[in-house]
Amino acid sequence: MESFKLHLLRLAREGRVEVPGLPLRAYTLRAGEERAQGAFYLLLEGELVIDLPEGRYLHLRRGEGAWVKEPHRLLPVERAVLLELPA
């Protein structure tokens, strides 16, 4: 197997990035999205609110990550560039 280097932030700003053989993806989120399953998120750029059940939420800033194990909604503050690894 060849080695390769990816600049995920730059690529994710331009479109969705998926790595062959790995379940992770990086992308720019501009509008809210529902997620029925859990995932790990690493915020590469911007700000993100993760709306959780029962009025709870997480607020992520650049460089912060969260492991979410329940249904949730992703709400970018203007725009968020995310690395997502589904559970």
Trainee: When rounded to the nearest 0.5 angstrom, what is the spacing between CG in Leu44 and CZ in Arg10?
Mentor: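 The CG atom of Leu44 sits 13.0 Å away from the CZ atom of Arg10.
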
Trainee: Go through the steps for Leu43 and Leu82 under the test side-chain contact (heavy atoms from CB on, under 4.5 Å), then give the verdict.
Mentor: CA-CA 5 Å; Leu43 190 62; Leu82 291 171; 3.6 Å; yes

Trainee: Using the side chain to side chain contact (heavy atoms under 4.5 Å, CB included) rule, pick out the option among Leu29, Val81, Thr28 that qualifies with Pro76.
Mentor: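 For Pro76, the side chain to side chain contact (heavy atoms under 4.5 Å, CB included) test succeeds with only one of Leu29, Val81, Thr28, which is Leu29.
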
Trainee: Just wondering, are more than 12 heavy atoms of other shown residues or ligands nearer than 6.0 Å to CD in Glu33?
Mentor: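 Enclosed.
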
Trainee: Quick one: closest heavy-atom pair of Pro23 and Leu85, and the distance?
Mentor: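 For Pro23 versus Leu85, the nearest heavy atoms are CG-CD1, 3.5 Å.
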
Trainee: Of the non-hydrogen atoms in Leu75 and Gly32, which two are nearest, and what is the gap between them?
Mentor: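 Result for this residue pair: CD2-CA, 4.1 Å.
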
Trainee: Can you tell me how far NE2 of His72 sits from CD of Gln37, rounded to the nearest 0.5 angstrom?
Mentor: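 It comes to 10.0 Å.
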
Trainee: Between Glu70 and Arg56, is there a side-chain heavy-atom distance shorter than 4.5 Å?
Mentor: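 The answer is yes; the side chains approach within 4.5 Å.
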
Trainee: According to a hydrophobic-cluster definition based on side-chain heavy atoms being under 4.5 Å apart (Ile, Leu, Val, Met, Phe, Trp, Tyr only), do Phe40 and Leu58 belong together?
Mentor: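 Cluster IDs for Phe40 and Leu58 differ.
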
Trainee: Following the transitive rule for hydrophobic clusters with a side-chain heavy-atom cut-off under 4.5 Å over Ile, Leu, Val, Met, Phe, Trp and Tyr, establish whether Leu60 and Leu52 coincide in one cluster.
Mentor: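 Looking at the clustering, Leu52 is in the same group as Leu60.
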
Trainee: Please identify each residue that fulfils salt bridge (Lys or Arg N to Asp or Glu O under 4.0 Å) with Arg73, with sequence neighbours left out.
Mentor: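 Per chain and number, Arg73 pairs via salt bridge (Lys or Arg N to Asp or Glu O under 4.0 Å) with Glu34.
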
Trainee: Quick one: closest heavy-atom pair of Tyr27 and Leu74, and the distance?
Mentor: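 In this case the closest contact between Tyr27 and Leu74 is OH-CD1, 3.9 Å.
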
Trainee: Measure the spacing between CG of Leu24 and CG of Leu83 and express it to the nearest 0.5 Å.
Mentor: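 Separation between the atoms: 5.0 Å.
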
Trainee: How close do Ala80 and Glu47 get, counting heavy atoms only, and between which atoms?
Mentor: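 Taking Ala80 first and Glu47 second, the nearest heavy atoms are CB-O, 3.6 Å.
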
Trainee: Linking I/L/V/M/F/W/Y whenever any side-chain heavy atoms sit under 4.5 Å apart, do Leu42 and Val17 land together?
Mentor: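 Yes, Leu42 and Val17 fall within the same hydrophobic cluster.
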
Trainee: Tell me, please, which residues at least two apart from Arg62 pass salt bridge (Lys or Arg N to Asp or Glu O under 4.0 Å).
Mentor: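 Arg62 satisfies salt bridge (Lys or Arg N to Asp or Glu O under 4.0 Å) with no residue once adjacent residues are dropped.
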
Trainee: Is there a side-chain contact between His59 and Glu64, using heavy atoms and a 4.5 Å cut-off?
Mentor: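 No - every pair of side-chain heavy atoms lies 4.5 Å or more apart.
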
Trainee: Any idea which heavy atoms bring Pro71 and Pro53 closest together, and the distance?
Mentor: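 Where Pro71 meets Pro53 most closely, the heavy atoms are O-CD, 3.4 Å.
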
Trainee: Do you know the tightest heavy-atom contact between Arg13 and Arg30?
Mentor: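 Looking at all heavy atoms of both residues, the closest pair is O-NH2, 4.5 Å.
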
Trainee: Given the rule that I, L, V, M, F, W and Y join up when any side-chain heavy atoms are under 4.5 Å apart, are Tyr57 and Ile50 in one cluster?
Mentor: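 No; Ile50 is not reachable from Tyr57 via cluster members.
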
Trainee: To the nearest 0.5 Å, tell me how far Arg25 CZ sits from Glu84 CD.
Mentor: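 Arg25 atom CZ to Glu84 atom CD measures 4.0 Å (nearest 0.5 Å).
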
